[in-house]
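Along the sequence shown, the residues carry numbers beginning at 1.
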Amino acid sequence: MNAELQQFVRDALARGMAREQVRAVLRDARWRPEEIDAALGAWADGEPGLPVPRRRVSISAREAFQHLVLFATLYIFTFDVGTLLFVLIEMRFRDVAIDARAGGLEALRWSTAGAVTALPIFLWMHRTVERALAREPEKRGSGVRRWLTYLTLFVAALVLIGNFTTLVSSALGGELSVRFVLKSLVVFAIAGTAFGHYLGGLRRDEAEAEPRARVSWLGRAGVAAAAIAIVAGLFAGGAPQRVRARQLDTRRIDDLRDIERDVDLFFDSRRALPRSLDALQRASTQAPSLRDPVTGEPYGYAIVDSLTFRLSARFDTADTLRPGGEAIPLAWRHGAGRQAFTRSVTKPSIAAH
(Lines give C-alpha, C1' and ligand atoms only; values in the text may rest on other atoms or scores of the structure.)
Protein backbone atom coordinates (compact mmCIF):
# COMPACT_ATOMS: atom_id res chain seq x y z
CA MET A 1 0.00 0.00 0.00
CA ASN A 2 1.23 3.48 -0.86
CA ALA A 3 2.59 5.14 2.30
CA GLU A 4 1.39 8.62 1.36
CA LEU A 5 -2.11 7.33 0.64
CA GLN A 6 -2.20 5.47 3.93
CA GLN A 7 -1.06 8.55 5.86
CA PHE A 8 -3.64 10.75 4.11
CA VAL A 9 -6.48 8.39 4.95
CA ARG A 10 -5.35 8.22 8.56
CA ASP A 11 -5.20 11.99 8.91
CA ALA A 12 -8.54 12.47 7.16
CA LEU A 13 -10.31 9.97 9.41
CA ALA A 14 -8.60 11.49 12.46
CA ARG A 15 -10.07 14.88 11.54
CA GLY A 16 -13.55 13.41 11.45
CA MET A 17 -14.10 13.16 7.68
CA ALA A 18 -16.68 10.61 6.66
CA ARG A 19 -15.43 7.62 4.72
CA GLU A 20 -17.51 8.54 1.66
CA GLN A 21 -15.99 12.01 1.72
CA VAL A 22 -12.48 10.52 1.82
CA ARG A 23 -13.43 8.17 -0.99
CA ALA A 24 -14.75 11.02 -3.15
CA VAL A 25 -11.63 13.15 -2.60
CA LEU A 26 -9.31 10.28 -3.51
CA ARG A 27 -11.43 9.39 -6.55
CA ASP A 28 -11.10 12.98 -7.77
CA ALA A 29 -7.32 12.64 -7.31
CA ARG A 30 -7.45 9.65 -9.71
CA TRP A 31 -6.69 6.92 -7.19
CA ARG A 32 -7.99 3.55 -8.31
CA PRO A 33 -11.04 2.12 -6.47
CA GLU A 34 -9.12 -0.94 -5.24
CA GLU A 35 -6.37 1.30 -3.80
CA ILE A 36 -8.98 3.43 -2.03
CA ASP A 37 -10.73 0.35 -0.63
CA ALA A 38 -7.45 -1.07 0.63
CA ALA A 39 -6.45 2.21 2.28
CA LEU A 40 -9.83 2.67 4.00
CA GLY A 41 -9.95 -1.00 4.94
CA ALA A 42 -6.72 -0.63 6.88
CA TRP A 43 -8.53 1.47 9.52
CA ALA A 44 -11.45 0.53 11.73
CA ASP A 45 -13.94 2.96 13.20
CA GLY A 46 -13.05 3.88 16.78
CA GLU A 47 -13.83 6.90 18.89
CA PRO A 48 -14.59 10.05 16.86
CA GLY A 49 -11.34 11.40 15.47
CA LEU A 50 -9.43 8.28 16.50
CA PRO A 51 -9.00 5.76 13.63
CA VAL A 52 -7.95 2.31 14.82
CA PRO A 53 -5.46 0.38 12.64
CA ARG A 54 -6.64 -3.05 11.64
CA ARG A 55 -4.40 -5.98 12.43
CA ARG A 56 -1.99 -6.89 9.65
CA VAL A 57 -0.54 -10.35 9.38
CA SER A 58 2.42 -11.67 7.45
CA ILE A 59 2.54 -15.12 5.95
CA SER A 60 4.99 -17.52 7.59
CA ALA A 61 7.31 -20.02 5.94
CA ARG A 62 4.92 -22.78 6.98
CA GLU A 63 1.99 -21.09 5.28
CA ALA A 64 4.05 -20.44 2.18
CA PHE A 65 4.90 -24.15 2.12
CA GLN A 66 1.22 -25.07 2.42
CA HIS A 67 0.27 -22.80 -0.49
CA LEU A 68 3.09 -24.17 -2.65
CA VAL A 69 2.04 -27.77 -1.97
CA LEU A 70 -1.60 -26.83 -2.61
CA PHE A 71 -0.93 -25.39 -6.05
CA ALA A 72 1.70 -28.00 -6.98
CA THR A 73 -0.75 -30.84 -6.30
CA LEU A 74 -3.38 -28.92 -8.25
CA TYR A 75 -1.09 -28.86 -11.32
CA ILE A 76 -0.17 -32.54 -10.95
CA PHE A 77 -3.78 -33.56 -10.39
CA THR A 78 -5.19 -31.64 -13.37
CA PHE A 79 -2.43 -32.87 -15.69
CA ASP A 80 -2.96 -36.52 -14.70
CA VAL A 81 -6.75 -36.26 -14.99
CA GLY A 82 -6.32 -34.77 -18.46
CA THR A 83 -3.94 -37.57 -19.48
CA LEU A 84 -6.32 -40.18 -18.05
CA LEU A 85 -9.27 -38.79 -20.03
CA PHE A 86 -7.15 -38.60 -23.19
CA VAL A 87 -6.30 -42.30 -22.91
CA LEU A 88 -9.93 -43.24 -22.24
CA ILE A 89 -10.97 -41.32 -25.36
CA GLU A 90 -8.26 -43.07 -27.40
CA MET A 91 -9.40 -46.45 -26.12
CA ARG A 92 -13.00 -45.68 -27.07
CA PHE A 93 -12.24 -44.09 -30.45
CA ARG A 94 -9.25 -45.98 -31.80
CA ASP A 95 -7.10 -44.78 -34.68
CA VAL A 96 -5.00 -47.58 -36.14
CA ALA A 97 -2.45 -45.18 -37.63
CA ILE A 98 -1.83 -43.51 -34.27
CA ASP A 99 -2.53 -46.21 -31.70
CA ALA A 100 -0.06 -48.73 -33.14
CA ARG A 101 2.51 -47.47 -30.70
CA ALA A 102 2.77 -48.91 -27.21
CA GLY A 103 1.99 -47.30 -23.89
CA GLY A 104 -1.79 -46.84 -23.75
CA LEU A 105 -2.58 -48.91 -20.67
CA GLU A 106 0.72 -47.97 -19.06
CA ALA A 107 -0.10 -44.26 -19.45
CA LEU A 108 -3.58 -44.96 -18.08
CA ARG A 109 -2.19 -46.60 -14.96
CA TRP A 110 0.43 -43.90 -14.37
CA SER A 111 -2.06 -41.06 -14.78
CA THR A 112 -4.63 -42.81 -12.57
CA ALA A 113 -2.00 -43.41 -9.90
CA GLY A 114 -0.88 -39.77 -10.09
CA ALA A 115 -4.44 -38.46 -9.80
CA VAL A 116 -5.27 -40.84 -6.93
CA THR A 117 -2.16 -39.67 -5.08
CA ALA A 118 -2.51 -35.94 -5.74
CA LEU A 119 -6.26 -35.54 -5.14
CA PRO A 120 -6.37 -36.38 -1.39
CA ILE A 121 -3.25 -34.28 -0.75
CA PHE A 122 -4.81 -31.36 -2.63
CA LEU A 123 -8.12 -31.65 -0.74
CA TRP A 124 -6.39 -32.00 2.62
CA MET A 125 -4.12 -29.02 1.95
CA HIS A 126 -7.05 -26.97 0.64
CA ARG A 127 -8.98 -27.69 3.83
CA THR A 128 -5.95 -26.79 5.97
CA VAL A 129 -5.38 -23.51 4.15
CA GLU A 130 -9.06 -22.53 4.21
CA ARG A 131 -9.25 -23.18 7.96
CA ALA A 132 -6.23 -20.96 8.52
CA LEU A 133 -7.75 -18.22 6.36
CA ALA A 134 -11.06 -18.50 8.23
CA ARG A 135 -9.21 -17.84 11.50
CA GLU A 136 -7.27 -14.92 9.99
CA PRO A 137 -9.14 -13.55 6.93
CA GLU A 138 -6.47 -10.87 6.52
CA LYS A 139 -4.14 -13.53 5.11
CA ARG A 140 -6.30 -13.81 1.99
CA GLY A 141 -4.37 -10.84 0.68
CA SER A 142 -0.96 -12.45 1.24
CA GLY A 143 1.55 -12.04 -1.54
CA VAL A 144 2.31 -15.78 -1.92
CA ARG A 145 -1.35 -16.71 -2.23
CA ARG A 146 -2.15 -13.98 -4.73
CA TRP A 147 0.98 -14.62 -6.83
CA LEU A 148 0.25 -18.34 -7.07
CA THR A 149 -3.41 -17.68 -7.83
CA TYR A 150 -2.59 -15.26 -10.63
CA LEU A 151 0.07 -17.65 -11.95
CA THR A 152 -2.59 -20.37 -12.11
CA LEU A 153 -4.93 -18.01 -13.93
CA PHE A 154 -2.13 -17.16 -16.37
CA VAL A 155 -1.36 -20.82 -17.12
CA ALA A 156 -5.06 -21.68 -17.48
CA ALA A 157 -5.55 -18.72 -19.84
CA LEU A 158 -2.61 -19.81 -22.00
CA VAL A 159 -3.97 -23.37 -22.18
CA LEU A 160 -7.42 -22.13 -23.15
CA ILE A 161 -6.05 -19.80 -25.83
CA GLY A 162 -3.71 -22.47 -27.24
CA ASN A 163 -6.41 -25.13 -27.25
CA PHE A 164 -8.93 -22.84 -28.94
CA THR A 165 -6.34 -21.85 -31.55
CA THR A 166 -5.56 -25.49 -32.30
CA LEU A 167 -9.25 -26.33 -32.54
CA VAL A 168 -9.94 -23.50 -34.98
CA SER A 169 -6.85 -24.34 -37.05
CA SER A 170 -7.91 -27.99 -37.33
CA ALA A 171 -11.46 -27.00 -38.25
CA LEU A 172 -10.20 -24.73 -41.02
CA GLY A 173 -7.94 -27.51 -42.28
CA GLY A 174 -10.75 -30.08 -42.26
CA GLU A 175 -8.88 -32.30 -39.79
CA LEU A 176 -11.50 -32.51 -37.05
CA SER A 177 -12.34 -35.96 -35.67
CA VAL A 178 -14.49 -37.14 -32.80
CA ARG A 179 -11.51 -37.94 -30.58
CA PHE A 180 -9.85 -34.61 -31.36
CA VAL A 181 -13.00 -32.66 -30.46
CA LEU A 182 -13.44 -34.67 -27.26
CA LYS A 183 -9.83 -34.03 -26.23
CA SER A 184 -10.32 -30.31 -26.87
CA LEU A 185 -13.45 -30.36 -24.71
CA VAL A 186 -11.46 -32.05 -21.94
CA VAL A 187 -8.84 -29.29 -22.05
CA PHE A 188 -11.53 -26.60 -22.07
CA ALA A 189 -13.29 -28.21 -19.12
CA ILE A 190 -10.17 -28.61 -16.96
CA ALA A 191 -8.55 -25.25 -17.72
CA GLY A 192 -11.90 -23.44 -17.71
CA THR A 193 -12.87 -24.90 -14.33
CA ALA A 194 -9.55 -23.87 -12.77
CA PHE A 195 -9.73 -20.41 -14.33
CA GLY A 196 -13.34 -19.79 -13.28
CA HIS A 197 -12.84 -21.12 -9.75
CA TYR A 198 -9.80 -19.01 -8.89
CA LEU A 199 -10.99 -15.90 -10.70
CA GLY A 200 -14.25 -16.10 -8.79
CA GLY A 201 -12.34 -16.47 -5.53
CA LEU A 202 -10.29 -13.34 -6.23
CA ARG A 203 -13.42 -11.37 -7.06
CA ARG A 204 -15.14 -12.48 -3.86
CA ASP A 205 -12.10 -11.51 -1.80
CA GLU A 206 -12.06 -8.06 -3.36
CA ALA A 207 -15.82 -7.55 -3.05
CA GLU A 208 -16.26 -8.67 0.56
CA ALA A 209 -15.11 -6.49 3.42
CA GLU A 210 -14.72 -9.62 5.57
CA PRO A 211 -13.91 -12.49 3.17
CA ARG A 212 -15.29 -15.85 4.26
CA ALA A 213 -14.03 -19.33 3.49
CA ARG A 214 -16.21 -20.93 0.83
CA VAL A 215 -15.87 -23.42 -1.99
CA SER A 216 -17.43 -22.40 -5.29
CA TRP A 217 -19.88 -24.69 -7.03
CA LEU A 218 -17.45 -24.77 -9.94
CA GLY A 219 -14.72 -26.18 -7.71
CA ARG A 220 -17.04 -28.81 -6.26
CA ALA A 221 -18.22 -29.82 -9.73
CA GLY A 222 -14.62 -30.06 -10.97
CA VAL A 223 -13.52 -32.31 -8.12
CA ALA A 224 -16.60 -34.52 -8.53
CA ALA A 225 -16.02 -34.90 -12.27
CA ALA A 226 -12.35 -35.70 -11.69
CA ALA A 227 -13.29 -38.36 -9.12
CA ILE A 228 -15.60 -39.98 -11.69
CA ALA A 229 -12.76 -39.94 -14.24
CA ILE A 230 -10.44 -41.63 -11.72
CA VAL A 231 -12.99 -44.38 -11.08
CA ALA A 232 -13.32 -44.89 -14.84
CA GLY A 233 -9.54 -45.11 -15.11
CA LEU A 234 -9.39 -47.72 -12.37
CA PHE A 235 -11.97 -49.87 -14.16
CA ALA A 236 -10.35 -49.42 -17.58
CA GLY A 237 -6.91 -50.29 -16.24
CA GLY A 238 -8.17 -53.56 -14.83
CA ALA A 239 -7.88 -55.13 -11.39
CA PRO A 240 -4.32 -55.59 -10.11
CA GLN A 241 -4.69 -59.38 -10.21
CA ARG A 242 -5.74 -59.30 -13.86
CA VAL A 243 -2.93 -56.90 -14.76
CA ARG A 244 -0.42 -59.25 -13.14
CA ALA A 245 -1.92 -62.24 -14.97
CA ARG A 246 -1.58 -60.34 -18.26
CA GLN A 247 2.04 -59.52 -17.46
CA LEU A 248 2.80 -63.18 -16.81
CA ASP A 249 1.13 -64.18 -20.08
CA THR A 250 3.27 -61.60 -21.87
CA ARG A 251 6.34 -63.18 -20.27
CA ARG A 252 5.22 -66.59 -21.57
CA ILE A 253 4.77 -65.26 -25.11
CA ASP A 254 8.22 -63.66 -24.99
CA ASP A 255 9.73 -66.98 -23.83
CA LEU A 256 8.06 -68.88 -26.69
CA ARG A 257 9.30 -66.33 -29.22
CA ASP A 258 12.84 -66.72 -27.86
CA ILE A 259 12.54 -70.48 -28.19
CA GLU A 260 11.32 -70.09 -31.78
CA ARG A 261 14.31 -67.88 -32.57
CA ASP A 262 16.76 -70.40 -31.11
CA VAL A 263 15.10 -73.27 -32.99
CA ASP A 264 15.65 -71.33 -36.23
CA LEU A 265 19.31 -70.78 -35.34
CA PHE A 266 19.69 -74.47 -34.42
CA PHE A 267 18.20 -75.52 -37.77
CA ASP A 268 20.49 -73.15 -39.69
CA SER A 269 23.57 -74.71 -38.11
CA ARG A 270 22.49 -78.39 -37.81
CA ARG A 271 20.13 -78.78 -40.81
CA ALA A 272 17.62 -80.40 -38.46
CA LEU A 273 15.23 -79.50 -35.69
CA PRO A 274 16.33 -80.10 -32.07
CA ARG A 275 14.91 -83.33 -30.66
CA SER A 276 13.94 -81.62 -27.39
CA LEU A 277 14.17 -78.32 -25.56
CA ASP A 278 17.03 -79.71 -23.50
CA ALA A 279 19.02 -80.32 -26.69
CA LEU A 280 18.19 -76.79 -27.77
CA GLN A 281 19.37 -75.39 -24.46
CA ARG A 282 22.71 -77.27 -24.64
CA ALA A 283 23.38 -75.90 -28.13
CA SER A 284 22.29 -72.34 -27.45
CA THR A 285 24.78 -69.65 -26.43
CA GLN A 286 21.99 -67.59 -24.88
CA ALA A 287 19.64 -70.22 -23.55
CA PRO A 288 16.00 -69.06 -23.45
CA SER A 289 13.73 -69.68 -20.50
CA LEU A 290 12.19 -73.12 -20.99
CA ARG A 291 9.80 -73.20 -18.02
CA ASP A 292 6.67 -71.39 -16.96
CA PRO A 293 7.63 -68.45 -14.66
CA VAL A 294 4.94 -69.37 -12.10
CA THR A 295 4.42 -73.13 -12.11
CA GLY A 296 7.89 -74.16 -13.31
CA GLU A 297 6.21 -76.49 -15.81
CA PRO A 298 8.29 -76.96 -19.00
CA TYR A 299 6.93 -75.34 -22.13
CA GLY A 300 5.61 -77.83 -24.68
CA TYR A 301 7.74 -78.68 -27.74
CA ALA A 302 6.97 -81.27 -30.39
CA ILE A 303 8.28 -81.98 -33.90
CA VAL A 304 5.54 -82.15 -36.55
CA ASP A 305 7.73 -82.83 -39.59
CA SER A 306 11.22 -82.00 -40.81
CA LEU A 307 10.45 -78.26 -41.02
CA THR A 308 7.58 -77.79 -38.62
CA PHE A 309 7.38 -77.82 -34.82
CA ARG A 310 4.80 -76.95 -32.21
CA LEU A 311 5.23 -74.85 -29.04
CA SER A 312 2.67 -74.72 -26.25
CA ALA A 313 2.07 -73.06 -22.87
CA ARG A 314 -0.73 -72.52 -20.37
CA PHE A 315 -2.12 -68.96 -20.16
CA ASP A 316 -4.15 -67.26 -17.45
CA THR A 317 -6.03 -64.77 -19.65
CA ALA A 318 -7.47 -64.46 -23.14
CA ASP A 319 -6.21 -60.93 -23.61
CA THR A 320 -4.76 -59.75 -26.89
CA LEU A 321 -3.05 -56.70 -25.38
CA ARG A 322 0.26 -56.46 -23.60
CA PRO A 323 0.33 -54.63 -20.23
CA GLY A 324 1.68 -51.53 -21.99
CA GLY A 325 -1.31 -51.43 -24.31
CA GLU A 326 0.31 -52.56 -27.58
CA ALA A 327 -1.28 -55.41 -29.48
CA ILE A 328 0.22 -58.89 -29.28
CA PRO A 329 1.22 -60.09 -32.78
CA LEU A 330 -1.64 -61.95 -34.41
CA ALA A 331 0.35 -65.19 -34.69
CA TRP A 332 0.80 -65.27 -30.90
CA ARG A 333 -2.67 -64.33 -29.76
CA HIS A 334 -4.18 -66.84 -27.40
CA GLY A 335 -7.10 -67.81 -25.24
CA ALA A 336 -7.04 -68.88 -21.63
CA GLY A 337 -5.74 -72.35 -20.77
CA ARG A 338 -3.36 -74.58 -22.75
CA GLN A 339 -2.59 -73.08 -26.16
CA ALA A 340 -0.37 -74.46 -28.96
CA PHE A 341 1.39 -72.56 -31.75
CA THR A 342 2.65 -74.27 -34.92
CA ARG A 343 5.81 -72.80 -36.45
CA SER A 344 7.96 -73.61 -39.48
CA VAL A 345 11.59 -73.00 -40.35
CA THR A 346 12.97 -72.25 -43.82
CA LYS A 347 15.46 -74.58 -45.51
CA PRO A 348 18.89 -72.92 -45.76
CA SER A 349 19.23 -74.01 -49.40
CA ILE A 350 15.96 -72.32 -50.30
CA ALA A 351 16.87 -69.21 -48.36
CA ALA A 352 20.29 -69.03 -50.07
CA HIS A 353 18.74 -68.93 -53.54
Side-chain angles (χ1 to χ4, degrees), residues 1-72 74-75 125-158 160-161 191-220:
M1 188 186 304
N2 184 282
E4 293 180 350
L5 174 62
Q6 186 178 11
Q7 185 63 40
F8 172 82
V9 171
R10 179 188 181 283
D11 293 342
L13 294 175
R15 292 178 183 181
M17 287 183 66
R19 287 180 176 265
E20 288 306 316
Q21 278 185 286
V22 177
R23 188 184 301 276
V25 171
L26 292 174
R27 191 183 301 117
D28 292 340
R30 302 182 64 82
W31 287 95
R32 294 196 301 271
E34 59 270 20
E35 294 175 322
I36 298 173
D37 292 340
L40 288 171
W43 303 95
D45 294 326
E47 295 294 330
L50 184 64
V52 179
R54 294 187 186 274
R55 177 174 176 260
R56 293 185 183 181
V57 294
S58 59
I59 192 165
S60 65
R62 176 185 178 184
E63 291 160 336
F65 166 77
Q66 290 174 341
H67 280 88
L68 288 170
V69 173
L70 173 68
F71 282 91
L74 170 68
Y75 297 149
M125 197 57 64
H126 183 273
R127 183 179 178 84
T128 300
V129 169
E130 287 299 319
R131 282 182 173 178
L133 294 177
R135 291 192 299 269
E136 298 179 287
E138 301 87 353
K139 290 186 177 182
R140 289 187 175 273
S142 71
V144 172
R145 181 173 182 271
R146 293 181 73 84
W147 268 101
L148 289 173
T149 301
Y150 276 109
L151 176 62
T152 301
L153 289 175
F154 174 70
V155 172
L158 287 183
L160 287 172
I161 294 171
T193 299
F195 188 88
H197 172 71
Y198 284 101
L199 182 61
L202 286 174
R203 288 177 173 174
R204 286 194 301 272
D205 290 348
E206 294 171 355
E208 297 177 356
E210 293 291 339
R212 301 187 304 274
R214 64 174 70 176
V215 180
S216 68
W217 68 267
L218 198 57
R220 294 179 185 274

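- Rounding to the nearest 0.5 Å places NE2 of His67 at 9.5 Å from NE2 of His126.
- The shortest distance between side-chain heavy atoms of Val9 and Leu26 falls below 4.5 Å.
- Expressed to the nearest 0.5 Å, how far CD of Glu63 lies from CD of Gln66 amounts to 6.5 Å.
- One finds the CG atom of Leu153 at 10.5 Å from the CG atom of Leu160 (value rounded to the nearest 0.5 Å).
- Of the charged side-chain nitrogens involved, none lies within less than 4.0 Å of a carboxylate oxygen, so that Glu130 and Arg127 do not count as a salt-bridged pair.
- Looking at residues two or more places apart in sequence or on another chain, you find a side chain to side chain contact (heavy atoms under 4.5 Å, CB included) between Val25 and Phe8, Met17.
- Residues passing the salt bridge (Lys or Arg N to Asp or Glu O under 4.0 Å) test with Glu4: none are found, sequence neighbours excluded.
- For Gln7, the side chain to side chain donor-acceptor pair (under 3.5 Å) partners are Asp11, not counting sequence neighbours.
- When the side chain to side chain contact (heavy atoms under 4.5 Å, CB included) test is applied to Thr149, the partners found at least two apart in sequence or on another chain are Phe71, Arg145, Tyr198, Leu202.
- You'll find the side chain of Leu151 stays beyond 4.5 Å of the side chain of Trp147, heavy atoms only.
- To the nearest 0.5 Å, the span separating NE2 on His197 from CG on Leu199 amounts to 11.0 Å.
- Remark: Arg10 engages no residue in a salt bridge (Lys or Arg N to Asp or Glu O under 4.0 Å) (not counting sequence neighbours).
- The shortest heavy-atom contact between Arg19 and Leu40 is NH1-O, 3.0 Å.
- Considering all non-hydrogen atoms of both residues, Ala191 and Ala156 come closest at O-CB, 3.7 Å.
- Atom CG of residue Leu5 and atom CD1 of residue Ile36 lie 7.5 Å apart, to the nearest 0.5 angstrom.
- The salt bridge (Lys or Arg N to Asp or Glu O under 4.0 Å) test applied to Arg30 returns no partner, not counting sequence neighbours.
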